[in-house]
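Below you'll find the structure, written out as structure tokens, and then a few comments.
Both ligands and their constituent atoms are indexed starting at 1 by order of listing.
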Amino acid sequence: MAELERHSFDVLVIGAGGAGLRAAIEAREHGMRTAVLCKSLFGKAHTVMAEGGIAAAMGNVNSNDNWQVHFRDTMRGGKFLNNWRMAELHAKEAPDRVWELETYGALFDRTADGRVSQRNFGGHEYPRLAHVGDRTGLELIRSLQQKIVSLQQEDHAETGDYEAKLKVFQEFTVSDLLIEDGRVAGAFGYWRESGRFVLFTAPSVILATGGIGKSFKVTSNSWEYTGDGHALALRAGASLINMEFIQFHPTGMVWPPSVKGILVTESVRGDGGVLRNSEGKRFMFDYIPEVFKEKYADSEAEGDRWYTDADNNRRPPELLPRDEVARAINSEVKAGRGTEHGGVFLDVSTRLPAEEITRRLPSMHHQFKELADVDITAQPMEVGPTCHYVMGGVEVDPDTGASSVPGLFAAGEVSGGMHGSNRLGGNSLSDLLVFGRRAGAGASDYAAALSVRPVPSEASIAEAERVALAPFSGDGGENPYTLHMELQQTMNDLVGIIRKAEEIERALERLEGLKVRARTLTVEGHRQFNPGWHLALDLRNMLVVSECVAKAALLRTESRGGHTRDDYPAMDSDWRRKLLVCTASGPSEVDVVEKPQIPIREDLLDLFDRGELEKYLTGDELGS
Ligand code: FAD
């Protein structure tokens, strides 16, 4: 066997999306030798697909906005299950992170008087999303990469080596973390092209691997979202929280079948687009839940006036948080008022002039023209819910991103807590920057303080290698593509947007069956670029993460945010006080247990009206 390629760093960042890049910049600025490892090409992370914008209470378009309003909106959106400290840090620090991006070279769209422009989005009281047309993620990644290059140029000037302190390993997949005496010692993985193995030794690892959407059949997520970071954390001994909460974005494409699930940005609604059923009715007015009644318009006339006079009118219900809109669309389709292809109509063509639509929503215009032959400046789009984002993830310390495993940190979509039971649009990009920076600092401080660094044992390296090679010694058993399809169908049908006990139980039975079959996964050929082998390894992660989702979904007997139980349709204040925590209880088994939520700090509670809190908190929490 060829000799194992070995590298040693102070901080390893797994993932090159917004969270990973911001973390890497911070670690390098703390003087750490830092490596960024990513599964796809550098610059192709999921973040690049983000369209609508980044939420930050800069108050540029409405001066009433401030961190307290953003905090309130985030907590309401998450139905008060959020980690309030994360929501507080996020609301306070997001504006600085946007400004900082401009110092890295980003150029956001501007208001007429030259300030960073901000647009409306669901659940945000004021226009709050800084944006670059509908290609915000691209600008975010571009400017973070630009910053990385400038740091590498500084390092070159000092040492003669561009990669002396910050090195990127692209098209490289981490398959296991290496833990010694309960502490992080490094990571093991393979080059996607050659299949050759590599060992990274490092005392600090930051997971920034994004989400889990590829376990669902209809999803806006790309091939990389196989829950690797979630599973790596579990296997390393860390805990995951809030895994029952999956965001089904209300508007994915529904037609043609080859593009089903691709995202239709919320900016379409933020910029005036309305939802209608097959009878032409603007149905969202029938779906405003009690807790939001005071904040949303109860007539089309008031909703329409809000676009030009937000101070004296309430916002239209198309801009309710995503979970509400997704459930409403689902109900309309189920009631037989859907479109021919099982969606509803989203129309911006009758709301804005054509040139305004192509200016504000260029990607959407292009996407529908190319993929569905629909001209959105003249025709409505057909849309329906699509699996979009996982609120659940690694349980972390809000200030440092540290998990319960010494040396293991997490930031971005792979971490849990910040968004509670439902994320507001735009709050992910800001989350990546706020907590990416914090995790970079946390991981650096941890590495700097260690007197002795753990070293991966040869036994753990050999075990990681054995597991990675196992699919080549399968004996004609299971095909990874078949298993993946069955997993996606199971999660979509039985643990999807509307859930009930008997269906989740059936899903768990099927997952058990899939896990047994996964032991005989068999791949053909060699390790050189072999997508079947890559999928076989990804499936190990998808199965364990799906089990977390299903087990937590079965236990939570209420409906809240991205978890809707047909058999328990109401929100229950007692459940607001509980988190469900997943841990690994074997190589591919998970346990889910309840844990009390930390009570919200008094001064943060004081930001809300007591009447509103009564809708979410129990009497004893309110001291009544
Ligand atoms: P990512 O950007 O997904 O990066 C993950 C990285 O981890 C990648 O580099 C990947 O290669 C790497 N990786 C994964 N597994 C491994 C492994 N095993 N080994 C090595 N590397 C690995 N949010 C907003 O706030 N505003 C928006 O407008 C918005 N629009 C969106 C539009 C779309 C179509 C989608 C899908 C999402 C959108 N979101 C939006 C959500 C947001 O984009 C994501 O939540 C966010 O980008 C996640 O960033 P991240 O840094 O956590 O992960």
Review point. Ligand 1 versus L263, non-hydrogen atoms closer than 4.0 Å: side chain, backbone, both, neither?
Key: side chain

Practice item. Check if N427 has a non-hydrogen atom at a distance under 4.0 Å from any atom of ligand 1. Key: yes

**Study point:** S220 to ligand 1, any heavy atom closer than 4.0 Å
**Key:** yes

Review point. Considering only heavy atoms of Y389, which atoms of ligand 1 have at least one such atom less than 4.0 Å away?
Key: 45 (O)

Practice item. Record the part of T136 in heavy-atom contact with ligand 1 below 4.0 Å; permitted values are side chain, backbone, both and neither. Key: neither

Review point. What pair of heavy atoms forms the shortest contact from S175 to L232, and how long is it?
Key: O-CD2, 3.5 Å

Practice item. Please list, chain by chain and in numerical order, all residues satisfying salt bridge (Lys or Arg N to Asp or Glu O under 4.0 Å) with K214, sequence neighbours excluded. Key: none

**Study point:** For atom 9 (O) of ligand 1, closest protein heavy-atom neighbour
**Key:** A16 N, 2.9 Å

Practice item. Would you check whether F42 reaches within less than 4.0 Å of ligand 1, judged by its heavy atoms? Key: no

Revision key, fill the gap. Quick look: R423 vs ligand 1, heavy-atom contacts under 4.0 Å, and the answer is side chain

Review point. Without hydrogens or angle criteria, can the side chains of D431 and S428 be said to hold a donor-acceptor pair below 3.5 Å?
Key: no

Review point. Are R423 and E266 within salt-bridge range, i.e. N to O under 4.0 Å?
Key: no

Check your understanding: Within less than 4.0 angstrom of ligand 1, does G425 place any heavy atom?
Key -> no

Review point. N/O to N/O below 3.5 Å, does that happen between N221 and ligand 1?
Key: no

**Study point:** Residue-ligand contact H388/ligand 1, heavy atom below 4.0 Å
**Key:** yes

Check your understanding: Should one rank T209, D538, L433, I262 by closest heavy-atom distance to atom 13 (N) of ligand 1, which comes out on top?
Key -> T209

Check your understanding: Tell me: protein heavy atom nearest atom 17 (C) of ligand 1, and distance?
Key -> D228 OD2, 3.6 Å

